[in-house]
Amino acid sequence: MLNIVIFGAPGSGKGTQSEKLAEKYGLQHISTGEMLREEIATGTGLGQLADSYMSKGALVPDAVVIEMLESLIAKQKDAKGFIFDGFPRTVPQGEALNRMLGRHGEKVMAVLSLEVEEEELVDRLLKRGEISGRADDNRQTIESRLKVYGRQTAPLKDFYQEQGVLKEIRGVGSIQEIFGAIAKEIDPLTTS
Ligand code: ADP
């Protein structure tokens, strides 16, 4: 199975590139942010809990997200592979993902880290907030999310570097250019 993690700060383009990856390589796109927003939209208990964190720009607790993902993966046994978008976001989530995949004899093959400078991230998120009206794309929440990213999520880069799967990709340029750089890293994994 081709299991890929796409990693990067809020606004780095994870969602956009994930969709292209899913299409090109026939992977199942798993976005924990989207899953949580759906829970909020349908008004479930999980959604209410998630909203109380997301609206502040904080992370939803590890145990909640890990359980949500575990039940999803268990249902998708026939997938050719997964593209994990927005998960893992903490080292404990990274460890949980390794365990989950390990149970099926699988592992993370590549971690694509989209590198974008902070000023550009803020611009993109503010613009997205105007267009899509996503509740957490406002100046105050953006600031918290970027801080949370630096403190809780960025340490995963070392975690994956040590496992020899980290690939840094410049996340500035046209969508097509960035995808070209990504495909260059992923193509060799599909021919072996
Ligand atoms: P972005 O990368 O732009 O912040 P996401 O849709 O990936 O967008 O995430 C939105 C919010 O959903 C996060 O700020 C966080 O509160 C919550 N969330 C998403 N994925 C996770 C996760 N793996 N662990 C904890 N919280 C998460």
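Only heavy atoms go into these numbers, but all of them, side chains included; no hydrogens, no water, no symmetry mates. Ligands are counted one by one from 1 in listed order, and the atoms in each one are counted from 1 as well. Since the model is a prediction, treat every value here as computed from it, not as a measurement.
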Does the Thr32 side chain pair with the main chain of Gly86, one donor and one acceptor, at a distance under 3.5 Å?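 Present.
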Donor-acceptor pair, Asn3 side chain versus Lys107 backbone, under 3.5 Å?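 Checked: pair present.
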Nearest protein heavy atom to [atom], by residue and atom, and its distance?
| atom | value |
| --- | --- |
| atom 18 (N) of ligand 1 | Leu36 CD1, 3.6 Å |
| atom 20 (N) of ligand 1 | Thr32 OG1, 2.8 Å |
| atom 8 (O) of ligand 1 | Arg134 NH2, 3.1 Å |
| atom 26 (N) of ligand 1 | Val60 N, 3.1 Å |

Residues [X] and [Y]: side-chain donor-acceptor under 3.5 angstrom:
| X | Y | answer |
| --- | --- | --- |
| Asp136 | Thr141 | no |
| Glu39 | Thr44 | yes |
| Lys20 | Gln176 | yes |

Which of the ligand 1 atoms, numbered from 1, are nearer than 4.0 Å to a heavy atom of [X]:
| X | result |
| --- | --- |
| Lys14 | 2 (O) |
| Arg145 | 1 (P), 3 (O), 4 (O), 14 (O) |
| Arg37 | 6 (O), 10 (C) |
| Met54 | 11 (C), 12 (O), 15 (C), 16 (O), 17 (C) |
| Arg128 | 3 (O) |
| Gln93 | 22 (C), 23 (N), 24 (N), 25 (C) |
| Ala58 | 15 (C), 16 (O) |
| Asp136 | 10 (C) |

Can you name the one residue among Lys157, Arg170, Lys167 that meets salt bridge (Lys or Arg N to Asp or Glu O under 4.0 Å) with Glu115?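 Considering Lys157, Arg170, Lys167, a salt bridge (Lys or Arg N to Asp or Glu O under 4.0 Å) with Glu115 is found only for Lys157.
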Taking salt bridge (Lys or Arg N to Asp or Glu O under 4.0 Å) as the criterion, tell me which of Arg99, Lys75, Arg103 meets it with Glu70.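 With Glu70 as partner, salt bridge (Lys or Arg N to Asp or Glu O under 4.0 Å) holds for just one option, Arg103.
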Ala22: side-chain contact (heavy atoms from CB on, under 4.5 Å) partners, not counting sequence neighbours: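 Ala22 satisfies side-chain contact (heavy atoms from CB on, under 4.5 Å) with His29, Ile83 only.
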Taking the minimum heavy-atom distance to atom 22 (C) of ligand 1, which of Met68, Arg89, Glu34 ranks first?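 Going through Met68, Arg89, Glu34 one by one, Arg89 has the nearest heavy atom to atom 22 (C) of ligand 1.
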For Arg124 and ligand 1, answer yes if some heavy atom of the residue is under 4.0 Å from a ligand atom, otherwise no.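 It does not, in that no heavy atom of Arg124 comes within the 4.0 Å cut-off of ligand 1.
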For a 4.5 angstrom cut-off between non-hydrogen side-chain atoms, does Asp51 reach Leu36?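 Side chain of Asp51 against side chain of Leu36, heavy atoms only: no contact under 4.5 Å found.
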Would you check the N or O atoms of Pro10, main chain and side chain alike, for any that come under 3.5 Å of an N or O of ligand 1?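 It does not: no N or O of Pro10 is found under 3.5 Å from an N or O of ligand 1.
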Using a 6.0 Å cut-off, check whether atom CD of Glu143 has over 12 heavy atoms from anything other than its own residue.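 Atom CD in Glu143 is not packed in, count stays at 12 or less.
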